[in-house]
Each structure stands twice: as C-alpha cells, then as structure tokens.
Amino acid sequence: MATNGEAQGRRVLVLHGPNLNLLGEREPEIYGRVTLPQIDTELRRLGEELGLTVDSFQSNSEGALVDRIQAARGQYQALVINPAAYTHTSVAIRDAIQMLGIPVVEVHLSNVYRREPFRHHSTIADLADGRIMGFGPDSYYLGLRAAAALLGATRRESK
Ligand code: DQA
C-alpha cells in the first residue's frame with residue numbers, strides 16, 4: 001500500500017453509472033442508506049489522506065460516461081469506476097477505457113455474483129487492474145486505496 005504522500009499530486013477520477021444518484025433511496029436492502037454525495041465527500045477526504053486529488057462524476061447516460069472517460073486522457077492518473085448497469089452491457093465504455101492507458105479499479109456496492117446471472121458478466125473486468133465488490137460504500141474507499149497503491153507501485157517502477 002502506498003504510504004501517505006507517495007502518490008502526491010496524482011489525480012483520480014471516480015465515475016458512477018446510472019441510478020447511483022438515487023443511492024440511499026434505491027433498494028436500500030441491497031445498496032444501503034448512504035447517499036452518493038456522502039460517498040463522494042468521503043472519497044475526497046480519503047484522497048487527501050492518500051495524497052490524491054479526487055474528482056467524481058455520475059451520469060445516467062452511457063454517452064456522458066464515455067465523454068468523461070475520453071476527457072480524462074492525460075488529466076488523471078487512475079480511474080475508479082462503478083459502471084452500474086452498464087457494467088453488464090456497455091462495449092462503448094469498455095472501448096473508451098481501453099484507450100485510457102491508466103490503472104483502472106472496478107467497484108460495485110453489491111456482490112454481483114450473489115445476484116442474478118445477468119450481473120455476473122462485466123464488459124470491463126479483463127481491462128481492470130482489480131475489482132472490488134460486496135462491501136457497500138467501502139467498495140469505493142477500498143477502490144481508492146487500491147488506486148493509490150497502484151500509483152505508488154507505478155512510481156516505484158519508473159525510478
Ligand atoms: C452495481 C451492480 C449492478 O449490477 C447494478 O446494475 C447497479 C449497481 C453495484 O454497485 O452493486 O446499478 O454496479
């Protein structure tokens with residue numbers, strides 16, 4: 001794990017897919033009561049602790065997510081993404097991530113393997129450096145820590 005300051009100056013983009021804007025009200029028995037603004041606030045705070053600047057973006061639109069991934073090129077050093085339902089369907093998000101060329105951590109609040117079979121497939125699983133799921137909001141926080149660790153490792157390798 002990267003020590004504090006090791007990844008100083010690094011920027012991490014966190015993307016949230018469709019319906020995650022309704023966290024807190026949406027199927028709380030699956031997704032819990034924590035809201036997306038609360039998650040984003042904690043991600044920014046944790047980012048400071050890890051020496052990372054964290055920007056978050058949520059959209060219900062596949063195209064808007066693709067646009068944001070494209071715009072991230074050269075601007076961010078790692079991506080943490082919960083593509084939500086697009087995880088299971090989106091070749092467009094996969095293609096955009098393939099062009100990004102930075103560490104990618106896939107996160108999910110729920111353990112998709114405990115749910116319906118159609119949720120078991122992810123179009124980005126093989127592009128991600130790692131996947132974290134099943135821990136509710138902690139999946140995001142663990143995902144950010146994983147991104148910090150990947151950036152620390154990248155930096156050590158490039159010395
Ligand atoms: C999700 C799992 C997806 O299957 C679902 O469509 C979501 C949220 C999760 O975080 O557990 O919207 O990505």
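Counting convention: from 1, in listed order, for ligands and their atoms alike. Remember, it's a predicted structure, so these values are computed and weren't measured experimentally.
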> Measuring from the heavy atoms of H88, does anything fall under 4.0 Å of ligand 1?
Replying inline: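 Distance cut 4.0 Å: H88 passes for ligand 1.
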
>> With a 4.0 Å cut-off on heavy atoms, is N82 in contact with ligand 1?
In response: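 Under 4.0 Å: yes for N82.
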
> Is a side-chain N or O of Q38 found less than 3.5 angstrom from the main chain of T35, in a donor-acceptor match?
Replying inline: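 Yes; judged by distance alone, with no hydrogens or angles, the pair exists.
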
>> Tell me whether Q77 contacts the main-chain N or O of R11 through its side chain, where contact means a donor paired with an acceptor under 3.5 Å.
In response: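 Pair found, side chain donor or acceptor close to backbone of R11.
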
> Going by the atom numbers of ligand 1, which of them fall below 4.0 Å from some non-hydrogen atom of S110?
Replying inline: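 What qualifies from ligand 1 is 2 (C), 9 (C), 11 (O).
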
> In terms of atom number and element, which parts of ligand 1 are under 4.0 angstrom from non-hydrogen atoms of R26?
Replying inline: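 Near R26, meaning under 4.0 Å from one of its heavy atoms, ligand 1 has 7 (C), 12 (O).
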
>> Could you list the cluster mates of V91? Members are the ILVMFWY residues connected by side-chain heavy atoms closer than 4.5 Å, either directly or through other members.
In response: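 Same cluster as V91: nobody, lone residue.
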
> Checking side-chain hydrogen bond (donor to acceptor under 3.5 Å, both in side chains) against R94, which of T87, D126, T89 comes through?
Replying inline: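 Answer to the side-chain hydrogen bond (donor to acceptor under 3.5 Å, both in side chains) test with R94 among T87, D126, T89: D126.
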
> Taking heavy atoms and a distance under 4.0 Å, where does H120 meet ligand 1: side chain, backbone, both or neither?
Replying inline: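 The answer is neither; H120 stays 4.0 Å or more away.
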
So which heavy atom in the protein is nearest [atom], and how far is it from that ligand atom?
| atom | value |
| --- | --- |
| atom 6 (O) of ligand 1 | R119 NH1, 3.0 Å |
| atom 1 (C) of ligand 1 | H108 ND1, 3.7 Å |
| atom 8 (C) of ligand 1 | Y31 OH, 3.5 Å |

>> Does any N or O of ligand 1 fall below 3.5 Å from an N or O anywhere on A85, backbone included?
In response: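 The answer is yes, given that A85 and ligand 1 share an N or O pair closer than 3.5 Å.
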
> Considering L109, I81, V112, N111, which one's heavy-atom position lies nearest to atom 10 (O) of ligand 1?
Replying inline: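 It is L109 whose heavy atom sits nearest to atom 10 (O) of ligand 1.
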
>> Could you work out, with ring pair (Phe, Tyr, Trp, His ring centres under 6.0 Å) as the rule, every residue matching Y113, not counting sequence neighbours?
In response: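 Result, ring pair (Phe, Tyr, Trp, His ring centres under 6.0 Å) vs Y113: H120.
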
>> As an exercise, state the distance from CZ of R26 to CG of L109, rounded to the nearest 0.5 Å.
In response: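 One gets 8.5 Å once the value is rounded to the nearest 0.5 Å.
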
> Out of F57, Y140, Y86, which residue meets the ring-ring contact (aromatic ring centres under 6.0 Å, His included) rule with H16?
Replying inline: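 Only match with H16 under ring-ring contact (aromatic ring centres under 6.0 Å, His included): Y140.
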
